[in-house]
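Here the structure comes first, spelled out in structure tokens, and everything after it is commentary.
In what follows, chains carry the letters A, B, and so on, assigned in the order in which the sequence lines appear, proteins first and then strands, with residues in each chain numbered from 1. Because the structure is a prediction, the values reported are computed rather than measured. Heavy-atom basis, side chains included; hydrogens, waters and symmetry copies ignored.
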Amino acid sequence: MSNKTTEPAIVKSGIKAVAELAGVGIASVSRVLSGQPGSSPQMTQRVMDAARQLGYAPNVLAQSLRRRATHSIGFVGSDINNPLIASIVSGAESVLSVAKYSVLLTNSGGDPGVDAQRIDVLLQRQVDGLIVLPALEDDPATLAALRGAQAPVVLIDRTLPSDIGAHYVLSDHFQGLGDAGRHLLQAGHSRIGLVVGLDVRPTRERIRGVEAAFDSLGLARNLIVHRGRLSPEHGEQAIEELLSGENPPSAVILGGNQLLEGALRAVHRRNLTLGVDLSLVSCDDLPLCRLHHPPIATVMRDTALLGRRAAELLLAQLREPGATDPELMPTWFEARASCGPFVGSASTSAASPGAKKRAKQGPSISSK
DNA sequence: ATGTGCCAAGCCTACGCTTT
DNA sequence: AAAGCGTAGGCTTGGCACAT
């Protein structure tokens with residue numbers, strides 16, 4: 001018969017133990033450690049010494065229970081495998097961690113049903129606020145879940161019915177895609193293919209931006225829009241279908257970085273040289289865009305800034321709730337060799353001089 | 001007036017007691 | 001035996017009361 005006692009591996013010191021060791025009341029320990037005024041220097045010293053001696057750290061769950069606030073923020077991302085989302089999360093976390101908030105990250109994989117489920121789980125966990133990037137803007141389950149939220153909600157790049165009472169950080173896709181469209185049209189392209197995702201705000205704004213490019217130059221809207229769920233497969237299939245048509249476009253804009261991989265597969269399979277046989281513009285800068293030969297022209301945006309602003313907006317709401325106007329963050333077009341030699345004078349003011357120079361030089365390296 | 005302690009509240013769960 | 005119900009316990013903090 002073994003006589004060994006089963007001691008717990010870790011002895012947790014609660015506020016009771018600190019109070020006992022310091023010879024004071026529990027409430028006094030709480031007052032001292034939370035920095036409230038009104039404790040004598042002797043009492044303060046005794047409590048601090050006892051807490052240090054016991055390695056005391058407040059029980060976060062108990063604090064949350066008492067304060068009715070968990071100091072945690074829920075993030076519902078549509079696809080955390082996407083570097084774009086990772087960058088947004090990273091930006092948000094950098095702000096929230098400074099404010100002593102933890103981020104609970106969930107991934108819906110772009111599935112609206114999962115969006116609603118994740119939102120519910122985060123709300124059950126009593127998060128103090130939500131940053132959401134849902135797959136759709138009109139999914140009934142997602143809207144119902146958000147309507148039930150007692151916590152402030154910040155949407156990134158999505159707009160929802162006004163009764164949700166959410167706050168918005170949006171990207172100005174209209175501007176960036178408009179600049180890209182104008183650049184291509186002034187370079188001599190007359191027919192443009194636009195591959196986009198499902199019917200959410202970025203898709204609508206991207207289409208509107210390219211249409212406005214035609215309008216601004218007094219040209220007929222010779223635009224073929226190819227819709228689908230943003231994925232490499234959609235990118236590949238869209239390029240195949242656009243280029244197999246009777247009157248294929250000479251330039252294609254990809255309205256989503258998830259499309260690029262598949263689009264390039266189709267381009268390579270067809271032995272096309274980007275910037276010569278086909279001009280290609282992508283959205284959101286991936287390392288692949290710069291490493292590819294020739295480099296791929298891109299509509300850029302500061303995704304980390306998007307996350308930071310969303311977090312700042314949420315923190316402001318936690319301090320002082322109230323209505324806010326949507327915040328519009330800039331996008332800009334960076335011309336690179338994949339969209340061929342630059343011959344016109346399109347408004348590409350945001351493009352770097354280096355990018356313009358490279359574009360002017362034309363495609364120097366084959367994509368084959 | 002200042003410093004300190006007591007108590008209730010916050011939410012959930014395990015446990016024990018009572019009733020069916 | 002199963003079901004239903006009440007209570008205690010976990011930890012912290014704000015409000016109030018009391019002692020000095």
Completion exercise
Whether each nucleotide of nucleotides 5-13 of chain B has a protein heavy atom under 4.0 Å at its base (B), only at its sugar-phosphate (S) or at neither (-) is summarised, 5' to 3', as BB--BBB--

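Applying the side chain to side chain contact (heavy atoms under 4.5 Å, CB included) criterion to A/A51, with sequence neighbours excluded, gives A/V18, A/L33, A/Y56. Partners of A/D49 according to the side chain to side chain contact (heavy atoms under 4.5 Å, CB included) rule, which considers only residues two or more places apart in sequence or in another chain, are A/Q45, A/R52.
Geometric assessment of A/R221 against the ring of A/F214 yields a negative cation-pi assignment under the 6.0 Å and 45° thresholds.
One side chain, A/S171 or A/R301, offers a donor N or O that lies under 3.5 Å from an acceptor on the other.
At the phosphate of C/dT12, OP1 or OP2 sits under 4.0 Å from a side-chain N or O atom of A/Y56.
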Exercise for the section: Verify side-chain hydrogen bond (donor to acceptor under 3.5 Å, both in side chains) between A/R336 and A/T298, making sure each step is shown before the conclusion. Expected result: CA-CA 8 Å; A/R336 293 180 188 141; A/T298 305; 3.1 Å; yes

